[in-house]
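These notes concern the structure reproduced below.
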Amino acid sequence: MGEITLNRRKIVLTAASAVTGLILPTGLTFAQTASTTSLPAQAGNAGHYRFRVGGISVTVLSDGLIGGPPRVYASDAPEAELQEVLRLAFLPADRLTLNLNTLLIETNGRRILLEAGAGETMGPQGGRIFENIAAIGLRPEDIDVVVVSHTHPDHVGNLRTADGGKAFPRATIFAPRADWDFFVRNDPDLSYMPVPEEFRRNFAAAIKRSVEPVTSGIELYEAGAEIVPGLTTLPAFGHTPGMANFLVHSGNNQLLLTADLAYHPIVNVDRPWLPGPDRDKDTALASRRRIFDMAAADRLLVLGFHYPFPGLGRMLKTDAGYAWVPVNWQF
């Protein structure tokens, strides 16, 4: 009886957060289109969410949405079970909507953006970060530093303007060295990705095109490095060769950004299913367990890059693995 109750609770917890993903659905550029029952993009809702981590002011800035077939993000899920999990969470059976939750931190007189976002590299509903920066009274020129966890297009797409310039003209850009070597300095082998070959080609090209304006001044880091006081990177390898997570800390307060350790709580937290885009699934699984265990043990506030906006919650350790518990909205 206890196990049944726990499973039911896990479904309800995540369903409450996942429903918001239905508000602004989208499809991958090279995948399927959105449902005809979708509401209009943005629909007048807020795309920024402010709070504090100790003495650090932080703001989640939405860059919009991407999405694709649920199977892409739950590669080893039994089909019947996957469909039932989606149904119980009131999510479409044929596509999973993913948010793009970047984070602006303001500390010691500097504005640091964690993740650049997708722009329109992976669909027409990305690229909203600039209107949300404007909504909090800032301009791209006000950003001093941009740090990306890895170099997939949905994390670097906004580094380039439509005319090929620097989208954040004053910012120093930081990227993990191993990712830069794999995706930018070479022609990456993306055969591990469970998507059509045309998508892989466009994916690789989008990375190189996005980082072109910042290549000459790029700062490459090794996961584990402290970028600035109050911002530490954590190794989270497997999804890509060099992916990092971020720990924002001030005094006893901490916020953990988990990048693409998981795509959606429904399929990668409440269920242990493996994301298809993970390059090394065994290493990615080990990183996921290590960091989720830390988040649960230390009761850390967590920001999921692709989780339903604003992407904030905590990890609960369960007998079956983990459960995602969204935080209450702060007004």
Side-chain angles (χ1 to χ4, degrees), residues 3 6-18 21 53 58 60 70 72-77 81-82 85 89 96 98-101 103 114-115 149-150 152 155 176 223-224 231-249 252-328:
E3 184 176 349
L6 177 60
N7 288 342
R8 182 178 300 158
R9 182 181 182 217
K10 286 168 65 179
I11 290 169
V12 171
L13 285 170
T14 304
S17 63
V53 177
V58 298
V60 182
V72 171
Y73 311 110
S75 63
D76 59 338
E81 189 176 349
L82 174 59
V85 164
L96 195 62
L98 305 178
N99 285 249
L100 300 164
N101 301 319
L103 187 76
L114 303 181
E115 312 290 21
S149 63
H150 62 293
H152 279 178
H155 295 255
L231 174 61
T232 302
T233 62
L234 306 174
F237 309 139
H239 181 63
T240 66
M243 191 177 82
N245 281 185
F246 302 127
L247 189 65
V248 179
H249 50 94
N252 293 325
N253 298 281
Q254 299 181 95
L255 169 64
L256 173 67
L257 285 72
T258 56
D260 284 8
L261 276 185
Y263 279 98
H264 197 291
I266 283 287
V267 296
N268 306 132
V269 181
D270 290 1
R271 295 298 186 280
W273 296 326
L274 303 180
D278 286 350
R279 180 171 179 264
D280 182 337
K281 287 181 173 52
D282 289 339
T283 300
L285 177 60
S287 293
R288 193 174 304 117
R289 287 173 173 168
R290 171 173 49 83
I291 291 176
F292 284 7
D293 282 350
M294 178 185 74
D298 295 345
R299 303 178 65 85
L300 296 177
L301 182 62
V302 174
L303 173 60
F305 181 71
H306 289 300
Y307 295 8
F309 183 83
L312 294 164
R314 289 185 169 82
M315 296 288 175
L316 177 67
K317 192 72 183 288
T318 71
D319 292 340
Y322 310 95
W324 175 248
V325 186
V327 300
N328 292 326

Between [X] and [Y], is there a donor-acceptor pair closer than 3.5 Å when you use the side chain of the first and the backbone of the second?
X	Y	answer
Thr233	Gly224	yes
Asn245	Thr258	yes
Lys281	Gly276	yes
Asn101	Tyr307	yes

Excluding sequence neighbours, so at least two apart, what forms side-chain contact (heavy atoms from CB on, under 4.5 Å) with Asn253?
Val53
Test Leu96 against Ile266 for side-chain contact (heavy atoms from CB on, under 4.5 Å), laying out the working first.
CA-CA 10 Å; Leu96 195 62; Ile266 283 287; 5.6 Å; no
Report the distance from atom [atom1] of [X] to atom [atom2] of [Y], rounding to the nearest 0.5 Å.
X	Y	atom1	atom2	answer
Leu285	Arg290	CG	CZ	11.5 Å
His155	Leu100	NE2	CG	8.0 Å
Glu115	Leu103	CD	CG	9.5 Å
Arg279	His150	CZ	NE2	13.0 Å

Mind checking whether [X] and [Y] have side chains closer than 4.5 Å, heavy atoms only?
X	Y	result
Tyr263	Val72	no
Tyr322	Leu316	no
Phe246	Leu303	no

Of Asn99, Asp260, Asn268, which is the lone residue that meets side-chain hydrogen bond (donor to acceptor under 3.5 Å, both in side chains) with His306?
Asp260
No-hydrogen, no-angle side-chain donor-acceptor test under 3.5 Å, Thr232 and His249:
yes
Taking atom types as modelled, is there a side-chain donor on His239 or Asp278 under 3.5 Å from an acceptor on the other?
yes
Identify the two heavy atoms, one from [X] and one from [Y], that lie closest to each other, and give their separation to 0.1 Å.
X	Y	value
Trp324	Gly311	CZ2-O, 3.7 Å
Asp270	Ala323	OD1-CA, 3.2 Å
Ser75	Pro275	OG-C, 4.2 Å
Arg288	Leu274	NH1-CD2, 3.8 Å
Ala259	Ser149	CB-OG, 3.4 Å

Could you check Leu256 against Leu234 for side-chain contact (heavy atoms from CB on, under 4.5 Å), going step by step and ending with a plain yes or no?
CA-CA 10 Å; Leu256 173 67; Leu234 306 174; 3.8 Å; yes
Which of Leu261, Leu300, Leu247, Val302 passes side-chain contact (heavy atoms from CB on, under 4.5 Å) with Ile291? It is Leu261
Run Ser287 and Met243 through side-chain contact (heavy atoms from CB on, under 4.5 Å) and show every step you take.
CA-CA 10 Å; Ser287 293; Met243 191 177 82; over 6 Å; no
Other residues, nucleotides, ligands: >12 heavy atoms within 6.0 Å of Arg299 CZ
no
